[in-house]
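Okay, so here's the structure we're looking at.
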Amino acid sequence: MNNNILCIGAGYVGGPTMAMIAYKCHDVNVTIVDINQERIDAWNSDELPIYEPGLEEIVKERRGKNLFFSTNIEQGIIDNDIIFVSVNTPTKTFGHGAGYAADLQYWEKCARHIREVANSDKIVIEKSTLPVRTAAAMARILEHGSKEIKFTVLSNPEFLAEGTAIDDLQNPDRVLIGGPQNEQGKFAIEKLAAIYAQWVDDSKILRTNLWSSELSKLTANAFLAQRVSSINSISALCEQTEADVSEVAHAIGADKRIGPKFLKASIGFGGSCFKKDILNLVYICETYGLTECAEYWKQVVIMNEYQESRFVARMLKAMFNTIAGKKIAILGFAFKADTGDTRESPAIKVCKELLQENAIITISDPQALKSAKKDLADVSNIENIIFEPDPYKAAENAHAIALLTDWKNYKKLDFKKIYDSMEKPAFFFDGRNHIDSDMLYSIGFNVYTIGQTQKTHL
Ligand code: NAD
Ligand code: UGA
């Protein structure tokens with residue numbers, strides 16, 4: 001068995017995780033394959049397909065040396081004995097479990113492809129986020145037939161967050177490896193652990209059984225999202241009671257048992273995984289007849305949807321219950337700062353609801369305008385949308401600004417200049433509590449933040 005690595009799936013996870021392995025382990029050849037030719041071409045070009053701080057430097061340093069991008073999946077399977085599967089596992093949109101279960105078709109195709117093409121023993125690693133007990137199905141597919149080849153399936157879920165992926169990969173809180181608890185499984189676990197051990201302390205490499213590893217990934221995302229929904233539910237109460245959600249978050253987060261992270265009230269959580277993974281958890285609980293557990297986790301998603309709609313309702317109410325024909329500048333469309341990713345971004349829902357009210361929206365974002373265009377391509381009044389990279393131009397003659405992504409450079413904008421160019425009364429709806437509200441109010445804005453008392457001149 002050789003030490004060469006293949007990763008099937010060159011997306012937000014496959015790209016950065018494998019680039020990091022190539023960067024840290026010069027003696028290992030890493031090949032990333034994908035069915036999407038355009039994506040592979042981009043990985044091989046000067047303009048990478050995803051924006052992630054620090055990624056470009058790593059890729060450019062190792063590409064062509066021990067890091068390769070290709071669409072030749074068959075050759076990849078033949079040449080490499082350690083195979084990561086990092087394909088997408090979106091929520092199913094059809095048939096049984098639609099709207100909840102994970103769509104495993106891409107993942108299953110990979111398993112079948114590996115079985116068909118492989119001609120030597122392989123360690124197959126689930127890098128994608130998968131329902132608990134998927135490894136059993138994967139093993140059954142791989143072992144089906146008459147080939148005299150040993151396949152060992154491991155689970156090695158990824159915990160990186162977009163925007164901080166490179167640091168997360170470089171200094172992970174933990175690396176989780178789940179595998180069969182037999183000799184063959186333990187050998188495979190240690191082979192994978194040895195790769196990570198080249199830059200991660202062994203105490204942070206956790207070894208578990210397969211099912212604990214698979215379930216830990218869904219659970220971690222559910223717990224993180226639950227914290228955001230919890231603080232967002234409190235933000236609604238703060239707006240009614242003159243309590244300030246930032247002060248509440250600070251006060252509760254000072255308790256070491258609670259901790260300060262993931263307590264930032266916001267317009268709601270977005271991203272490709274929180275919602276999908278919780279809905280998958282809900283589905284799995286239901287499959288095992290655990291209705292109460294399913295309902296418990298479902299509420300995290302319901303609270304998130306409430307938070308997004310509440311934001312638009314507040315805008316509408318503040319602007320005299322009509323925004324038809326009014327120009328609204330949207331600052332930020334990505335689901336969080338430092339990424340061009342807009343999957344499940346709250347901005348999609350906010351913009352669609354504003355357009356339903358016949359508002360004219362001017363969307364600005366430093367990285368996500370291309371994706372924003374695709375996300376809003378299906379709205380009926382598309383002529384009401386303007387895409388404008390320059391935030392100053394976006395705000396000209398606007399009645400309101402809605403800040404939806406906490407990009408750092410928004411803090412540096414000249415808000416006096418922006419205010420002067422806007423219609424009056426001018427409104428500022430800060431969906432991230434990102435800009436100093438006292439400063440905005442003193443300039444003349446009517447300011448609405450999340451979980452805080454509004455500051456208005458009206
Ligand atoms: P993605 O959509 O960006 O990338 C998946 C890639 O797999 C695509 O480029 C697609 O073309 C490719 N693909 C699909 N089927 C294929 C096949 N049969 N052969 C070869 N390539 C194929 O998805 P992503 O964001 O990288 O997520 C991948 C997995 O990782 C998901 O399960 C996700 O839940 C999990 N995850 C994502 C993140 C994140 O921050 N995005 C973090 C942790 C875990
Ligand atoms: C999240 C997890 O943090 C990663 O550990 C996990 O690997 C990943 O999902 C995944 O499985 O895909 P990510 O979605 O990239 O990472 O970004 P987060 O930083 O978790 O933010 C998610 C959303 O929650 C964003 O919209 C963010 O703005 C929002 N958020 C986060 C808040 O509203 N408040 C907070 O306090 C924190």
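Counting convention: from 1, in listed order, for ligands and their atoms alike.
- By the 4.0 Å N-to-carboxylate-O rule, R343 lies close enough to E162 to be salt-bridged with it.
- Of the candidates L6, V30, N156, L154, N156 is the only one forming a side-chain contact (heavy atoms from CB on, under 4.5 Å) with F84.
- In this structure, ligand 2 sits under 4.0 Å from heavy atoms belonging to E158, F159, L160, A161, E162, K217, N221, L224, V228, F262, L263, K264, S266, F269, G270, C273, F274, F335, K336, R432.
- Contact check for I328 versus M315: side-chain heavy atoms found under the 4.5 Å cut-off.
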Show me, pair by pair, the donor-acceptor contacts under 3.5 angstrom made by side chains of residues 7-20, not counting sequence neighbours?
{"unit_1": "T17", "atom_1": "OG1", "unit_2": "V13", "atom_2": "O", "d": "2.6"}
{"unit_1": "T17", "atom_1": "OG1", "unit_2": "G14", "atom_2": "O", "d": "3.4"}

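- Of the possible polar contacts, one joining the N66 side chain to the A22 backbone as a donor-acceptor pair under 3.5 Å is found.
- Of the residues listed (I195, L67, N29), the one engaging I5 in a side-chain contact (heavy atoms from CB on, under 4.5 Å) is I195, and it is the only one.
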**Study point:** Working for side chain to side chain donor-acceptor pair (under 3.5 Å), residues T89 and K276
**Key:** CA-CA 9 Å; T89 51; K276 132 179 124 58; 3.3 Å; yes
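- For K127, the salt bridge (Lys or Arg N to Asp or Glu O under 4.0 Å) test picks out E158, with sequence neighbours left out.
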Which N or O atoms of ligand 1 sit under 3.5 Å from a protein N or O, and how far apart is each pair?
{"unit_1": "ligand 1", "atom_1": "3 (O)", "unit_2": "Y12", "atom_2": "N", "d": "3.3"}
{"unit_1": "ligand 1", "atom_1": "3 (O)", "unit_2": "R39", "atom_2": "NH1", "d": "3.2"}
{"unit_1": "ligand 1", "atom_1": "3 (O)", "unit_2": "R39", "atom_2": "NH2", "d": "3.4"}
{"unit_1": "ligand 1", "atom_1": "4 (O)", "unit_2": "R39", "atom_2": "NH1", "d": "3.3"}
{"unit_1": "ligand 1", "atom_1": "9 (O)", "unit_2": "D34", "atom_2": "OD1", "d": "3.4"}
{"unit_1": "ligand 1", "atom_1": "9 (O)", "unit_2": "D34", "atom_2": "OD2", "d": "2.6"}
{"unit_1": "ligand 1", "atom_1": "9 (O)", "unit_2": "R39", "atom_2": "NH1", "d": "2.7"}
{"unit_1": "ligand 1", "atom_1": "11 (O)", "unit_2": "D34", "atom_2": "OD1", "d": "2.6"}
{"unit_1": "ligand 1", "atom_1": "21 (N)", "unit_2": "I35", "atom_2": "N", "d": "3.4"}
{"unit_1": "ligand 1", "atom_1": "25 (O)", "unit_2": "R343", "atom_2": "NH1", "d": "3.3"}
{"unit_1": "ligand 1", "atom_1": "25 (O)", "unit_2": "R343", "atom_2": "NH2", "d": "3.0"}
{"unit_1": "ligand 1", "atom_1": "26 (O)", "unit_2": "Y12", "atom_2": "N", "d": "3.0"}
{"unit_1": "ligand 1", "atom_1": "26 (O)", "unit_2": "V13", "atom_2": "N", "d": "2.9"}
{"unit_1": "ligand 1", "atom_1": "32 (O)", "unit_2": "T89", "atom_2": "OG1", "d": "2.6"}
{"unit_1": "ligand 1", "atom_1": "32 (O)", "unit_2": "T129", "atom_2": "N", "d": "2.9"}
{"unit_1": "ligand 1", "atom_1": "34 (O)", "unit_2": "T129", "atom_2": "OG1", "d": "3.4"}
{"unit_1": "ligand 1", "atom_1": "34 (O)", "unit_2": "K276", "atom_2": "NZ", "d": "2.6"}
{"unit_1": "ligand 1", "atom_1": "40 (O)", "unit_2": "E162", "atom_2": "OE2", "d": "3.2"}
{"unit_1": "ligand 1", "atom_1": "41 (N)", "unit_2": "E162", "atom_2": "OE2", "d": "2.9"}

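- No hydrogens or angles considered: nothing links the side chains of N36 and E38 as a donor-acceptor pair under 3.5 Å.
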